[in-house]
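Atoms within a ligand are numbered from 1 in the order they appear, just like the ligands themselves. Counting from 1, the numbers follow the sequence of the chain as shown.
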Amino acid sequence: MGEIKISTFDNISLQGLDEDAELIPLLTPEDEEEMNREDLPETLPVLPLRNTVLFPGVVIPITAGRDKSINLIKDANNGSKTIGVVSQKDEETENPGVKDINTLGTVARILRVLQMPDGNTTVIIQGKKRFEIAEIVTEKPYFTATVKEAAEERPDEKNEEFGAIIDSIKELAFKIIKDNPNIPSEATFAIKNIQSNSFLINFVSSNLNLSVAEKQKLLEIPNLQERALTTLKFMNMELQKLELKNDIQSKVRSDMDQQQREYFLHQQMKTIQEELGGISYEEEVDEMRVKAKKKKWNKKVKEHFGRELAKMQRMNPQVAEYSIQRNYLDLILDLPWNEYSKDKFDLKRAQRILDRDHYGLEDVKRRIIEYLAVLKLRNDMKSPILCLYGPPGVGKTSLGKSVAEALGREYVRMSLGGLRDEAEIRGHRKTYIGAMPGRIIQSLKKAGTSNPVFILDEIDKLSNSHQGDPSSAMLEVLDPEQNSEFHDNFLEMGYDLSKVMFIATANNLGSIQPALRDRMEIINVTGYTIEEKVEIAKKHLLPKQLKEHGLSSKDLRIGKPQLEKIVEGYTRESGVRSLEKQLAKMVRYAAKNIAIEDDYNIKISNEDVEKILGPARLERDKYENNDVAGVVTGLAWTSVGGDILFIESILSKGKGNLNITGNLGKVMKESATIAMEYIKSNSVTFNIDPEVFDNYNVHIHVPEGATPKDGPSAGITMLTSLVSLFTQRKVKKSLAMTGEITLRGKVLPVGGIKEKILAAKRARIKEIILCEENRRDIQEIKEDYLKGLTFHYVSDMSEVIDIAITNRKVKNAKKL
Ligand SMILES: Nc1ncnc2c1ncn2[C@@H]1O[C@H](COP(=O)(O)OP(=O)(O)OP(=O)(O)O)[C@@H](O)[C@H]1O
């Protein structure tokens with residue numbers, strides 16, 4: 001039957017069709033009254049509508065497709081133009097019978113019949129008033145029925161409730177029109193222009209988005225007020241639906257907008273990058289993904305990387321954060337994660353490598369081999385941290401390198417000297433401009449494995465400042481309990497340092513933070529004797545220098561006596577660094593002569609040494625002679641090794657004042673006072689006239705005033721010096737001493753014995769006075785170092801005097 005397609009409020013556009021005076025889309029109350037006054041005919045042709053309901057006053061177009069309907073329309077159009085319109089109960093019914101149609105419908109007037117090119121007939125009809133089918137008279141060729149008017153109860157014009165409902169209907173209609181993009185905004189005017197209340201209700205009901213059944217229900221309500229209220233309910237529902245729909249749509253749209261915007265920008269960027277010929281942004285991300293797949297990350301790191309990569313993709317490549325983020329991701333990708341080199345635990349080979357690179361140092365090498373043995377047996381790679389300490393240039397750093405080679409691990413070195421900022425170790429947070437990871441993480445990146453041998457050079461030179469305490473940050477690095485989750489501020493994740501083999505080096509144990517020192521296994525690397533230095537020069541330093549200068553042993557030969565001359569006359573150190581420099585000078589001499597094709601002595605003589613290096617400068621290490629009273633040789637320990645020092649004292653007429661000079665620290669000055677008081681109280685024993693103390697001033701000086709000196713170990717030297725001074729007796733030749741004194745004249749042990757012994761040997765000292773308790777230190781020293789030395793162990797000051805002071809008066813002795 002009638003196939004009608006009408007969208008909500010579509011009918012309004014029908015106004016435009018209006019050439020016929022009869023077409024009254026907007027009814028005035030007068031039109032309505034007139035329509036109501038018209039009588040119903042007794043019988044009417046009845047047209048079932050498939051998918052809509054016609055309301056009184058409303059104009060709609062319907063399309064009739066089948067013969068039955070077309071015939072009805074034709075006949076009616078030629079006759080009274082009045083038909084009855086009812087809706088089908090089920091729009092799917094193709095050929096409805098009596099039971100398939102509603103009995104309440106609307107009388108309609110045919111306004112226009114249009115013949116469509118597709119054979120269908122479109123009819124524009126307008127509802128007049130409601131009717132009820134009394135009885136179907138014919139079913140063929142179309143339905144005709146006897147009809148009666150359907151009564152309608154109308155409220156009083158002054159009914160306020162009804163008025164309010166009508167106002168609400170209008171308001172809601174405006175809202176619906178506004179919210180529904182399918183309704184043209186002109187519809188608002190149409191509603192505003194409607195004067196008849198019942199037409200307004202019909203017009204809105206007809207155009208609401210309701211099912212046929214719902215509309216039919218509305219049409220059937222006889223009471224107008226009730227119908228208005230039901231319409232209002234439906235309108236409310238419609239508005240809610242619309243709002244919900246709009247909400248969802250706007251959400252979807254904003255998502256889409258954002259996505260589209262990003263897509264658009266990415267495309268643009270890609271094009272620009274391609275134009276510039278660089279690797280495109282997408283390619284960069286892809287490359288990162290490929291790299292990431294090869295990493296041995298745990299779940300946490302993997303997830304973190306994924307998140308951070310996504311973050312980078314959302315960033316604009318032109319902003320500064322982008323490059324920070326890029327660097328960050330590069331760092332995560334470049335860092336070794338759980339990538340270990342396999343350890344070579346062949347201890348014999350390790351020993352060979354250590355021996356090959358370093359002469360001597362037997363103790364140290366033995367300790368290192370023991371350490372590697374433990375590592376091999378435990379095999380959990382966790383081990384205490386080694387700290388090699390000793391004077392400069394004794395091979396601490398290069399030993400570390402040999403350990404790396406022996407183990408077959410990568411080698412990295414980080415110098416901690418002068419490092420003040422904690423951020424150097426831990427890195428800066430990413431939010432800082434120019435943020436970087438700390439040096440630990442950077443070094444590991446350089447090493448490329450997670451278990452390198454990591455040299456922490458000069459750990460004693462870490463200093464504190466307002467920029468945090470780097471020693472405390474190092475604590476975390478070196479603590480086996482904590483370093484499996486070392487936190488770098490830039491990396492923002494824990495990094496496992498527990499498999500790294502740390503070897504620290506230091507010159508001075510005293511300046512290492514105690515907590516840090518506790519975490520390390522200390523290995524003392526002492527200085528070398530002259531003989532050892534000669535050997536090191538012959539076996540290692542000279543060949544190394546020749547090689548570095550592109551020469552060989554055929555171009556320059558330096559014999560042992562000459563090497564000894566170089567060591568003694570031109571270097572004054574515990575290590576071999578300046579020896580190496582002097583040898584480099586010798587090699588340069590040969591290189592120069594070869595280059596200018598001049599003759600030179602391949603075999604270096606003593607004269608050649610002086611010619612090349614200049615006159616020997618360092619004779620003063622040799623102890624001074626004993627012709628003067630009050631000059632005694634002491635032994636000192638400094639962070640650059642052992643040294644000898646001279647204590648000088650003189651007497652001058654005065655009132656018994658004591659002067660001390662030579663840049664001495666508090667402890668050393670106190671030693672001088674103790675020595676002075678001890679002599680005063682024991683003047684009888686030493687055969688000194690007590691009056692001397694009141695008539696003379698004493699001045700004690702320790703030469704080399706530019707070098708600060710401190711410590712208690714010069715106590716016995718000072719006392720010997722004063723005894724020699726007051727007695728004007730000679731001090732024994734070739735003798736040196738070290739030890740602390742007490743007021744009672746007891747001698748106490750001191751440290752740094754090995755370095756002191758080496759220094760004494762350098763100065764050609766023959767006899768040494770030490771405290772009895774230092775005997776065990778001597779026992780620990782290798783025989784070689786002790787050759788040519790005689791030791792006197794004492795516990796009391798009187799013993800020192802007995803050994804050190806001879807009975808002979810000095811030349812030109814003063815009469816006191
Ligand atoms: N026993 C040795 N055998 C061979 N070469 C040595 C020996 N000791 C030191 N050297 C060489 O001396 C040079 C200086 O050594 P290195 O730099 O390791 O000293 P260091 O103890 O670490 O000094 P610093 O405390 O100043 O860092 C290196 O070239 C090293 O090879």
(Q) Any nitrogen or oxygen of Ser398, side chain or backbone, less than 3.5 Å from one on ligand 1? (A) yes

Nearest non-hydrogen atom to [atom] belongs to which of [options]?
atom                    : options                : result
atom 21 (O) of ligand 1 : Arg356, His540, Lys396 : Lys396
atom 24 (P) of ligand 1 : Lys544, Arg577, Glu458 : Arg577
atom 4 (C) of ligand 1  : Asn508, Ile455, Asp357 : Asp357

Proximity of [X] to ligand 1 by residue part, where a heavy atom lies under 4.0 Å:
X      : value
Ile536 : side chain
Leu388 : neither
Val394 : both

Q | Where at least one partner belongs to residues 526-547, residue pairs that pass salt bridge (charged side-chain N to carboxylate O under 4.0 Å, His left out), sequence neighbours excluded | A |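 Salt bridge (charged side-chain N to carboxylate O under 4.0 Å, His left out) check on residues 526-547 returns Glu535-Lys539, Glu535-Lys560, Lys544-Glu580.
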
Considering the heavy atoms of [X], write down every atom of ligand 1 situated less than 4.0 Å from one of them.
X      : value
Gly395 : 8 (N), 9 (C), 15 (O), 16 (P), 18 (O), 19 (O), 20 (P), 21 (O)
Leu361 : 1 (N)
Tyr528 : 1 (N), 2 (C), 7 (C), 8 (N)

**Q.** Set of ring pair (Phe, Tyr, Trp, His ring centres under 6.0 Å) partners for Phe490, sequence neighbours left out
**A.** Tyr328

Q. Does Thr505 have a non-hydrogen atom less than 4.0 Å from ligand 1?
A. no

Q.
Applying the salt bridge (charged side-chain N to carboxylate O under 4.0 Å, His left out) criterion to Asp363, which one of Arg366, Arg367, Lys365 satisfies it?
A.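 When Arg366, Arg367, Lys365 are each tested with Asp363, the salt bridge (charged side-chain N to carboxylate O under 4.0 Å, His left out) holds only for Arg366.
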
